[in-house]
Amino acid sequence: MDSPSPEVVVFAVNGERVELRRGGGGGAGDDPGESLLEFLRSRTRFTGPKLGCGEGGCGACVVLLSTYDAEADEVTHATVSSCLTLVHGLHHRAVTTTEGLGSSRSGLHAVHERFAGFHASQCGYCTPGMCMSLAGALVDAEGTGKKAGAAAARPPPPEGFSRLTAAEAERAVAGNLCRCTGYRPIADACKSFAADVDLEDLGLNCFWKKGDASVSKLPPYKEGSIATFPEFLKDEIRASLRIDRSTPSASAGSVSSWYQPRNVEEYYKLIGSSVLPEKSRTKVVVGNTSSGVYREAEVYDRYIDLRGIPELNSVSKDAKGVDIGAATSISRVIEILRGEGNIYTDVVFCKIADHMEKVASQFVRNMASLGGNLIMAQRDEFASDIATVLLGAGSSVCIQVSSERMNVTLEQFLDMPPCDYRTLLLSIHIPHCTPSGISSSSESVNKAGDESASSLLFETYRAAPRPHGNAVSYLNSAFLAKLSSDEISENYISQKLCLVFGAYGTQHAIRATNVENLLVGKPITTSLLLEACTVLKKTIVPVEGTRHAAYRSSLAVAFLFSFLYPLTKGTFKPVETAHLNGQIISNSNGNLNHGPDTHVNVSSKEINNVKSDLHSNDHILESCKQVVEITEYLPVGLPAKKVGAELQASGEAIYVDDIPSPKDCLHGAFVYSTKPLARVKSIELSPSVEQLKTVAIVTAKDIPKGGSNVGANTIFGPEPLFGDPVTQCAGEPLGIVVAETQKFANIAASRALVDYSMESLDPPILSIEEAVRRSSYLESFFLPQKIGDFSKGMAEADQKIYSAEVNLRSQYYFYMETQTALAIPEEDNCMVVYSSSQCPETAQETIAKCLGLPCHNIRVITRRVGGGFGGKAVRSLPVATACALSAFKLQRPVRIYLDRKTDMIMTGGRHPMKICYSVGFKSDGNITALHIELLVNAGMTNDVSPMIPHNFLEALKKYNWGAFSYDTRVCKTNISTRSAMRGPGEVQGSYVAEAIIEHVAAVLSTDVNVVRQRNLHTVESLALYHSECMEDASGYTLPSILNQLITSSNYQHHLEMIRSFNKSNRWKKRGLSVVPIVHKFLSNPTPGKVSILNDGSIAVEVGGIELGQGLWTKVKQMAAFGLGQLWSDRSQELLERVRIIQADTLSVIQGGWTTGSTTSESSCEAVRCACNILVDRLKPLKEQLQENQGAVSWDELISQAKMVSVDLSARALYVPGASGCYLTYGAAASEVEIDLLTGATTILRSDLIYDCGQSLNPAVDLGQVEGAFVQGIGYFMNEEYVTNSDGLVVSDGTWTYKIPTVDTIPKQFNVKLLSSGFQKKRVLSSKASGEPPLLLAASVHCATREAIRAAREEYHCSRPGSSPPFFDLQVPAIMPTVKELCGLDNVEKYLEGLCSK
């Protein structure tokens, strides 16, 4: 066959041939900047890969990329982030998406089936990417191409397993984000493929019951079942080899959009030729991962791909070291260094490789080039780990500037003026480091001591929010020392020293030469080390404006201390080098490689037998337990698989953005305000975006006559769609840019020119304090009654605390699917809107008001939502409304899919609060009175903020406070509107209750759990505080839960072990805390409709929306139960006959809102009521048929019912009334370990018991409990919500906002669902589970406080003016916060103490 011309890109997607045209400057052909993800989602039917962030930071878009080497006849595979991969760079590659593994029609792959069977998918939006990350790890373990030798070294796996180890399986998804599951079931699904796993350790699943695990019960897995390279593509590649050798490069021919020079000379000819016009926008690429770091608002005409230059891909090795081409991927560099490390027994190489594994994630490392990382560090001040460790190892680089080629040290390269396209980084030389061959990148290193008896020490360090990468360091460092020992004094003397620090808020990594000069040639003593630390702290100074600057400086001291302190006299403890490769880089975020009391000695006598695969044997998680019980209402109560889980895994589940674009569809993007309070004089498109095919800007002026500027509506009133004529906050929508593609719309919107005026406007209100000063308030509603007489309660108290303060920040939803809608105009001024919404009916009403149309003209459809957590309720309404308005104006379909940055800026999140409390208590810890002053920051509009004080106070009432009073204010400010987020108000209220208890215990110097126990409710006090929803005494399960928890977690034993640990460990401390909750639920009216079709299949519609919480699954089980009541022996299996239909506002009305955790049970009860109606209609006919013919089957009954015209459709509206209010209970015990040098926190164990009533589906409820708890960990420990001085969110993506990952959840994660007794007022005695477990994550924060307390007691670093035992631990308790409370100068204080002795 003929080979395609160089202007055609040929590749395969899931085995199917794809051909793209590389257009020239005139615009003919395809967009050269199109990403693989854009291509897949807009031009193929494969929508499994999802857009989660566009930064390579979430893993939702991961695919498998396969490359065929025709000369070696080898295929290699690598996972890549398709949002960063340019589709025009895929010539002769094969792409496999999750659909390419299998499907429900052709047969699911074992990966899909195990994800579904281990309940590892909830909303499902992240699941295709998770599946592909695992698939990539499986292929990698099999060994293909260059990796075949490594795989051959592994024994063939037993049947049904893979060559993957359990530790590798966990790490396979370490770079993928999930906001729903809590990761534990995902890890279990992955580990089920590992031959070294104990299957009984895996959690609840659909394959076996506990004690009956067997690989034969799992969906079978066979090696070679993933990613077969298409034979047709192999043929084309072989044929092209002959042609390519005689065909000139595209650079020498006609004008193109994509150039791939074949050598360095061609590159320089190209950039100097007229082929690239002066005004052309040209980008030089290798992996293109920089576009994930620096989100581009630029459209490039032409790309120069350097991957075709052999010199940039070459690897050469000799006794001096290794030279690696700059275009080599980071993953390949890791393999090279590990291989070389083994051959030359070079531990330094292995350590560098280990550190590199903490850079980004596997699917980014597979694309990102070594040279690209260094260029970003040199040119863009990128906070690179790689630049730091290579500089520490004495590396050098080969660069070419025009015709001049030169070799310079990496240090010199970083100090050069920023490189442009005329400078080409060719290769990187990493020297072998041995005691006799240590090289330095600086001529200023001094020498001392005896060369013959020297040892070489090399360590790298990093402190980052996540242990296993996918997070930029607060600071990183690499230290190389050549040491000799003084036999007389027994001191170590450094002959040569290289101390490198980076990523701390500096232009690039630097050497601390002043500290090196201080140390070299001198005995390493405690006093010298103290002097060095003092000098270092003055050297490592972040630039002004760097967050946590003092913390970063303290990290530098901590790392230097860890490196050198073991060398001070009498403390050096060599560690066997067999452990080197497993322990070099920390296994947790910022937990040091070794404690400062141990060290690695890399002397020439002790570096044999270094094994390069030891790094992969450290498990992220330990065994976890789940305990559930099954109820009697079968199939209700079975841990049934989530409806649609297989479809989510295989990419077949359709979300709003997966719906194929209708003909002539346009795309919209918001222009939002960057000012907190200003008049908007005009909005215009920048002249620079003329080429972007923009169609229009839609603003408030385009709202039709009879409509209104309304973008959302609640019972507390409407809010505007656009800020017109005054914008009230940074992030408020001002208009919509509509363009031919989403990419063009996003770029045009980001460049829109907005003319503001602040004339005659008051200054904006940007804080709670300013709102109070200016009396800017909204009204509060539904406040609970106060209890007792506060003054009397205070009078009875032995001790009092007055006006203590707690400040709580916001939290972003971080649903994996951002806000999205598709609006399609229809005849007669009608509109169909597909919206990812928790309240489609409210969307219908809001759109109708905006357009001035009756509601029956607007049809809103929601099938499923890719995560909500409250953020897809009110905050989804402006997106759907703006989308509909644009479609209405242009009379063309319009779709909007918010990019992650815009979503984070516009959507708001959890309510910030300021709480002041005054409390009186007895000497035994019994609290007699509490007064709360609550200030809630609502942002610029009402939303549901007037309800937040009610929720806060209800959660606070989990303890018996004696007399209880409060004052509340909801503050109106000029920040983006805050809305309901999972446990709105309740999370903060429950946490503040714990803060008060801990404060009281600290004042009394009493065990905090004694104070907790003393103030737990009795049945009588509970009835007083929660009179409206109190059940009988047997329903109050909290005392029993706490007793079980303390017994099952061996609380007292763990407490003693922690005390012992803390006494014997200077730089690590542990803490343990038990936190209870009492949570009040209010159910809402919900409709349900059940229709039995002609063939006996059953269609069910409900008002509730499937968000990932398993609503459809529970409803399906309830429908089968409800209709199955016709047979007392339950002989008819109806579960598989039931299908749940998407929500449609013109089909089921009064759908309400899917919020507050109770919509699943309310929908179930509505369906049960509808089923009861049908049962009543069918029962007489069934009895009649039984009399005539005996046993009657379902099919026979429905066939006869149709014949005699029985109405086979029934609708019911469940109105809960008094029974819709009830209490649920739970408790969690968490144990943490903190690193006093870095502030890193590791959650060692969490034990949860949650009262789920009689669970409607234990698997679903277990997933809700785990997922909520981990989301709570994010709020309390990880997620730093940062805004600028105008209130505009600046933590606006995966680079700056860190939700939990699989390596930050509890290492032991044990959950028990308590099956409490029968309660006729609840839906089959069940209780909701979606939100309360999030409150239990406060146990992690409280345990961290206990660990910090232990550290402060030892180091006496209480803040001046505060009572020594009590201190305020901020939420979230991120690493800088923890380190600050432990003492930013704790190293210096410790050394001073030693020196003074």
Requested in this report: Look up atom CG in L1093 and atom CZ in R1137, then write down how far apart they are to the nearest 0.5 Å.
Outcome: 11.5 Å
Query raised in the report: Taking the side chain from D1251 and the backbone from T1224, do they hold a donor-acceptor pair closer than 3.5 Å?
Result: no
Report task. Quick one: pull up CD1 in I1305 and SG in C178 and give me the separation to the nearest 0.5 Å. Result -> 10.0 Å
Query raised in the report: For D1032 and S1034, does a side-chain donor sit closer than 3.5 Å to a side-chain acceptor?
Result: yes
Query raised in the report: Which heavy atom of G1330 sits nearest a heavy atom of Q1264, and at what distance?
Result: CA-OE1, 3.4 Å
Report task. Can you establish whether the number of heavy atoms outside R1130 located under 6.0 Å from its atom CZ is more than 12? Result -> yes
Report task. Evaluate the side-chain proximity of I1105 to P840: yes if any heavy-atom separation is below 4.5 Å, no if none is. Result -> yes
Query raised in the report: Using a distance-only test with no angle check, is there a side-chain donor-acceptor pair under 3.5 angstrom linking N1257 and T1113?
Result: no
**Report entry** Any donor-acceptor N/O pair, S1315 side chain to L1313 backbone, under 3.5 Å
**Finding:** no
Query raised in the report: So do the side chains of V1078 and Y1025 get within less than 4.5 Å of each other, counting heavy atoms only?
Result: no
Query raised in the report: Given side chains that start at C-beta, do those of W1127 and K1182 come closer than 4.5 Å, heavy atoms only?
Result: yes
Requested in this report: Using a 4.5 Å cut-off on heavy atoms from C-beta on, say whether the side chain of S1255 contacts that of S1326.
Outcome: no
Requested in this report: Report yes or no: do S121 and Q648 form a side-chain donor-acceptor pair below 3.5 Å?
Outcome: yes
Query raised in the report: Okay, side chain of T1154, backbone of G1104: is any donor-acceptor separation there less than 3.5 Å?
Result: no
Requested in this report: Over 60° means perpendicular and under 30° means parallel, so classify the ring planes of Y1036 and Y1225, tilted if in between.
Outcome: perpendicular
Requested in this report: Take R184 and L1262, measure what side-chain contact (heavy atoms from CB on, under 4.5 Å) needs, and give me the verdict at the end.
Outcome: CA-CA 11 Å; R184 194 274 313 158; L1262 183 71; 3.8 Å; yes
Query raised in the report: Can you tell if the side chain of L1016 reaches within under 4.5 Å of the side chain of Y959, non-hydrogen atoms only?
Result: yes
Query raised in the report: Under 4.5 Å between any side-chain heavy atoms of F1269 and S1339, yes or no?
Result: yes
Query raised in the report: If only atom types and distance count, is the side chain of E1331 paired as donor or acceptor with the main-chain N or O of G983 below 3.5 Å?
Result: yes
Query raised in the report: Taking it one step at a time, do R179 and Y815 satisfy side-chain contact (heavy atoms from CB on, under 4.5 Å)?
Result: CA-CA 6 Å; R179 194 56 149 167; Y815 29 60; 5.8 Å; no
Query - Donor-acceptor under 3.5 Å (E841 side chain, G1151 main chain) - result: yes
Query raised in the report: Would you say the side-chain atoms of S1021 pair up with the backbone N or O of H1017, donor to acceptor, closer than 3.5 Å?
Result: no
Requested in this report: Please indicate whether K1179 has more than 12 foreign heavy atoms, meaning atoms of other residues, nucleotides or ligands, lying under 6.0 Å from its NZ.
Outcome: no
Report summary line: For H119 and A640 the tightest heavy-atom approach is CE1-O, 3.9 Å
Report summary line: Heavy-atom nearest pair, L204 first then P639, reads CD2-CB, 4.3 Å
Query - Neighbour count >12 (heavy atoms, 6.0 Å) for atom CD, E1196 - result: yes
Requested in this report: Indicate yes or no for a side-chain donor-acceptor contact from R114 to the backbone of P219 under 3.5 Å, with no hydrogens or angles considered.
Outcome: yes
Query - Inter-residue atom distance Y1250.OH - E1266.CD, 0.5 Å rounding - result: 14.0 Å
Query raised in the report: Does any N or O in the side chain of Q1117 come within less than 3.5 Å of the main-chain N or O of P635, such that one atom is a donor and the other an acceptor?
Result: yes
**Report entry** Closest non-hydrogen atom pair, L1334 against Q1271
**Finding:** CD1-OE1, 3.6 Å
Requested in this report: Examine distances only and state if a side-chain atom of Q838 and a backbone atom of G870 form a donor-acceptor pair shorter than 3.5 Å.
Outcome: yes
Query raised in the report: Centre of Y655's six-membered ring, under 6.0 Å away, within 45 degrees of the axis: is that where NZ or CZ of R863 sits?
Result: no
Report summary line: Interatomic distance, CD1@I1092 vs CH2@W1194, rounded to 0.5 Å, equals 3.5 Å
Query raised in the report: Got a donor-acceptor contact below 3.5 angstrom from the S1325 side chain to the Q1319 backbone?
Result: yes
Query raised in the report: CG/L1107 to CH2/W1112 distance, rounded to the nearest 0.5 angstrom?
Result: 10.5 Å
Requested in this report: Would you check, one step at a time, whether the test side-chain contact (heavy atoms from CB on, under 4.5 Å) holds for C1171 with F1121?
Outcome: CA-CA 9 Å; C1171 288; F1121 166 75; over 6 Å; no
Query raised in the report: Considering only heavy atoms from C-beta outward, does the side chain of E1101 approach that of P1087 to under 4.5 Å?
Result: no
**Report entry** Lys NZ or Arg CZ of K1321 over Y1222 ring: under 6.0 Å, within 45°
**Finding:** no
**Report entry** Separation between OG of S104 and CD of E113, rounded to the nearest 0.5 Å
**Finding:** 11.0 Å
Report task. Look at the rings of F1081 and H1079 and say which category their plane angle falls in: under 30° parallel, 30 to 60° tilted, over 60° perpendicular. Result -> tilted
Query - salt bridge (charged side-chain N to carboxylate O under 4.0 Å, His left out) partner of D1261, the single match among K1327, K1312, K642, K1114 - result: K1114
Requested in this report: Step by step, work out the side-chain contact (heavy atoms from CB on, under 4.5 Å) result for Q988 and Y1275.
Outcome: CA-CA 10 Å; Q988 297 97 321; Y1275 176 61; 3.9 Å; yes
**Report entry** Over all atoms of both residues, closest heavy-atom pair of K958 and S990
**Finding:** NZ-OG, 2.8 Å
Query raised in the report: What's the shortest heavy-atom distance between S835 and V860, and which atoms?
Result: CB-CG1, 4.2 Å
Query - Within-4.5 Å side-chain heavy-atom neighbours: L1324 and Q1254 - result: no
